[in-house]
Amino acid sequence: MNGLIFSILFFLISFCTYGQNKTLVDFEKIRELLEQDQLQESLDKSRKFRRVKKQKRRLQIIKYNTPSSRDFWPFFNQYWLVKRIEKLNWDARFPTLGLGDYTGRFLRKMGVRSKYFKILMIDNKEITHMALPSNGEHNLFLLSFPFVKALGLSKLEIALLIYEDYIRCKKGYFKNFVQIKELDTFLGNNYYKKKINFKILDTLSKKYDQFIFHKGFNFKQQYKVTTEMKENLSKKEGLLQAYKKMIKKIDSLVKVDKNYKSYNKFYPSPELQLGWLSNE
Amino acid sequence: MILLIFSGKAFCDIYYTSPIFSQVHNLASTHSETLAVLDCGTQLEAKKDKKLWVKVQIEKKSGFILRRLLSKVRPNCIQDNYPYFFSQMSLDPVSKYYWGKLYDYFYEGNTL
């Protein structure tokens, strides 16, 4: 009986305190929270919209960039070749020599790594061989077919000539000569709402002409190239001898063939080179 | 598979031209007539895939392009990277023609 009374009392007390522990639902707060949430959402949307708009504008402006130095040199070399086709005659018919793979293997053997190169045969006796300015990764070499034919150069000798030009190119003699001050501000610049002055391409083309058709390399530069060739080739068996043989061939040709009388002006001189190569 | 063979699609491969400009010839020879000069990144459907040349469809004609000038993936083109610079240069059709020819004449290699 006592147990029953206690149970009833416990039930009544529990029932009375139940309502006191439970907090009241504050609808006002919920409304504020919901409002805040919606505001936050719309704020996020507007921020995202502004970010996308800014990004779109940035992408739009980027379209007005001029090429970076890395992209410019390979592009400009080709531009110059197209403009000088009549002088260089690179569209003449030449026999297929398959120089790409052989030269690649040779350059790798000489420790040249991660480079791309193009060789263009030209039908010109004045320009015998030349490496155009490079971006450090892409190299372009010109090679006179009449010159190769007159010397009867083997694939190895052609690769040696290309390697010699690669060293000249790496030393930056040609590139430094054609570097005009306007180029620094032109390359990698943005021309949004501005007009590009393409006169710079003509000026640069003229500098190329001046170097390739008139100036060439000086004694000091030739000495540095020849001694580096000597140092590098002497590490590989037979290559220094092959190089000397090739320079001898060039020396003999330029002394007897009037077509190549200007060779010494551009590359002074095979005779001196032989002297530098034989000095111990 | 059967459907693909019947529709002739089984033998088609998609390529993109990778040089700044490239030429499509009427024969598999760099000295043959030029049918078209294509901008870098032009999509082409290969009809026949040989060692050096790929036979492609250009509008209603079929022609040949050197395999080494094609890429299976869309290349990084200077025209796309610097559109304002390239359009403002206003290259004439003759320059584009010779630029395309230039790539036919290059011996290319690498030391990778």
Side-chain angles (χ1 to χ4, degrees), chain A residues 61-68 71-72 74-75 77-79 81-83 85 90-94 96-122 137-141 143 162 166 186 189-192 194-198 201, chain B residues 17-23 25 27-34 37-41 50-53 64 66-71 75-112:
Chain A
I61 291 172
I62 280 176
K63 287 180 183 172
Y64 292 81
N65 278 1
T66 47
S68 62
D71 290 336
F72 180 75
F75 160 82
N77 286 338
Q78 291 171 29
Y79 173 87
L81 286 172
V82 169
K83 297 288 173 198
I85 184 168
W90 50 257
D91 65 333
R93 287 191 182 208
F94 305 113
T96 310
L97 298 174
L99 295 175
D101 290 342
Y102 185 89
T103 311
R105 280 198 301 276
F106 180 84
L107 293 175
R108 252 195 310 271
K109 189 177 168 182
M110 293 312 300
V112 179
R113 295 280 184 273
S114 308
K115 307 286 178 205
Y116 296 89
F117 64 88
K118 291 179 172 71
I119 302 168
L120 185 68
M121 282 287 178
I122 55 172
E137 189 186 358
H138 295 266
N139 296 273
L140 208 163
F141 303 100
L143 193 57
I162 297 284
Y166 170 76
F186 179 76
N189 207 340
N190 188 270
Y191 283 80
Y192 182 63
K194 282 185 267 180
K195 211 176 168 199
I196 300 176
N197 187 356
F198 282 101
L201 299 186
Chain B
T17 55
S18 49
I20 299 176
F21 295 105
S22 28
Q23 290 198 351
H25 299 272
L27 299 170
S29 160
T30 50
H31 303 297
S32 67
E33 189 194 329
T34 304
V37 178
L38 307 175
D39 266 292
C40 175
K50 290 184 177 176
K51 199 182 169 191
L52 285 175
W53 293 88
F64 295 85
L66 280 167
R67 159 175 281 288
R68 64 179 165 84
L69 307 182
L70 299 173
S71 160
N76 192 13
C77 302
I78 195 161
Q79 287 99 317
D80 298 337
N81 295 340
Y82 308 102
Y84 182 64
F85 170 80
F86 219 83
S87 66
Q88 291 295 298
M89 263 182 71
S90 315
L91 281 171
D92 57 279
V94 177
S95 297
K96 288 182 184 179
Y97 170 86
Y98 281 114
W99 209 314
K101 208 173 190 51
L102 188 60
Y103 275 87
D104 280 347
Y105 283 70
F106 278 140
Y107 287 103
E108 291 188 82
N110 63 66
T111 63
L112 298 177

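It should be emphasised that the depicted structure is a prediction, and the values quoted were computed from it without experimental measurement. Chain letters run A, B, ... following the sequence lines, proteins first, then strands; residues in each count from 1.
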Report summary line: If one checks every heavy atom of A/Lys194 against chain B at 4.5 Å, the contacting part turns out to be backbone
Query raised in the report: Of the non-hydrogen atoms in A/Gly104 and B/Thr111, which two are nearest, and what is the gap between them?
Result: O-CG2, 3.8 Å
Query raised in the report: What part of A/Leu140 lies closer than 4.5 angstrom to a heavy atom of chain B: side chain, backbone, both or neither?
Result: side chain
Query raised in the report: Is the closest side-chain heavy-atom distance between B/Tyr98 and A/Trp90 below 4.5 Å?
Result: yes
Query raised in the report: Once you round to the nearest 0.5 Å, how far does CD1 of A/Ile85 lie from OG of B/Ser95?
Result: 10.0 Å
Query - Under 4.5 Å from any heavy atom of chain B - which part of A/Arg105 - result: neither
Query - Heavy-atom pair count under 4.5 Å with chain B, highest-scoring of A/Leu97, A/Leu107, A/Leu143 - result: A/Leu97
Report task. Search all heavy atoms of A/Asp71 against all heavy atoms of B/Ile78 and return the closest pair with its distance. Result -> O-CD1, 4.1 Å
Query - Side chain proximity check, B/Tyr82 to A/Ser68, heavy atoms < 4.5 angstrom - result: yes
Query raised in the report: Taking the six-membered ring for Trp, are B/Phe85 and A/Phe75 ring centroids under 6.0 Å apart?
Result: yes
Requested in this report: With a 4.5 Å cut-off on heavy-atom pairs, point out which of A/Met121, A/Arg113, A/Gln78 contacts chain B the most.
Outcome: A/Gln78
Query raised in the report: Is chain B contacted by the side chain of A/Thr66, its backbone, both, or neither, given a heavy-atom distance below 4.5 Å?
Result: both
Report summary line: Whatever's closer than 4.5 Å to a heavy atom in chain B on A/Phe198 counts as side chain
Report task. Would you name the heavy atoms of A/Lys195 and B/Tyr84 that are closest together and state the gap between them? Result -> CA-OH, 3.9 Å
Requested in this report: Tell me, out of A/Thr103, A/Leu201, A/Asn139, A/Leu120, who's got the most heavy-atom pairs with chain B below 4.5 Å.
Outcome: A/Leu120
Report task. Look at atom CZ of A/Phe94 and say whether more than 12 heavy atoms of other residues, nucleotides or ligands are closer to it than 6.0 Å. Result -> yes
Query raised in the report: Of the backbone (N, CA, C, O) and the side chain (C-beta and beyond), which part of A/Tyr79 lies under 4.5 Å from a heavy atom of chain B, both, or neither?
Result: both
Query - With sequence neighbours excluded, residues passing salt bridge (charged side-chain N to carboxylate O under 4.0 Å, His left out) with B/Glu108 - result: A/Lys118, B/Arg68
Query raised in the report: So, for B/Leu112 and A/Arg108, which heavy atoms are closest and what is the spacing to 0.1 Å?
Result: O-NH1, 3.6 Å
Report summary line: Heavy-atom nearest pair, A/Asp91 first then B/Tyr105, reads O-OH, 3.3 Å
Report task. Mind checking side chain to side chain donor-acceptor pair (under 3.5 Å) for B/Trp53 and listing every partner two or more places apart, or none if nothing turns up? Result -> none
Query - Segment of A/Leu81 engaging chain B (4.5 angstrom heavy-atom cut-off) - result: side chain
Report summary line: Applying a strict 4.5 Å limit to non-hydrogen atoms, the region of B/Phe86 in contact with chain A is side chain
Query - Top contributor to chain B contacts, counting heavy-atom pairs under 4.5 Å, from A/Arg93, A/Lys63, A/Lys83 - result: A/Arg93
Query raised in the report: Side chain, backbone, both or neither: which part of B/Asn76 has an atom under 4.5 Å from a heavy atom of chain A?
Result: neither
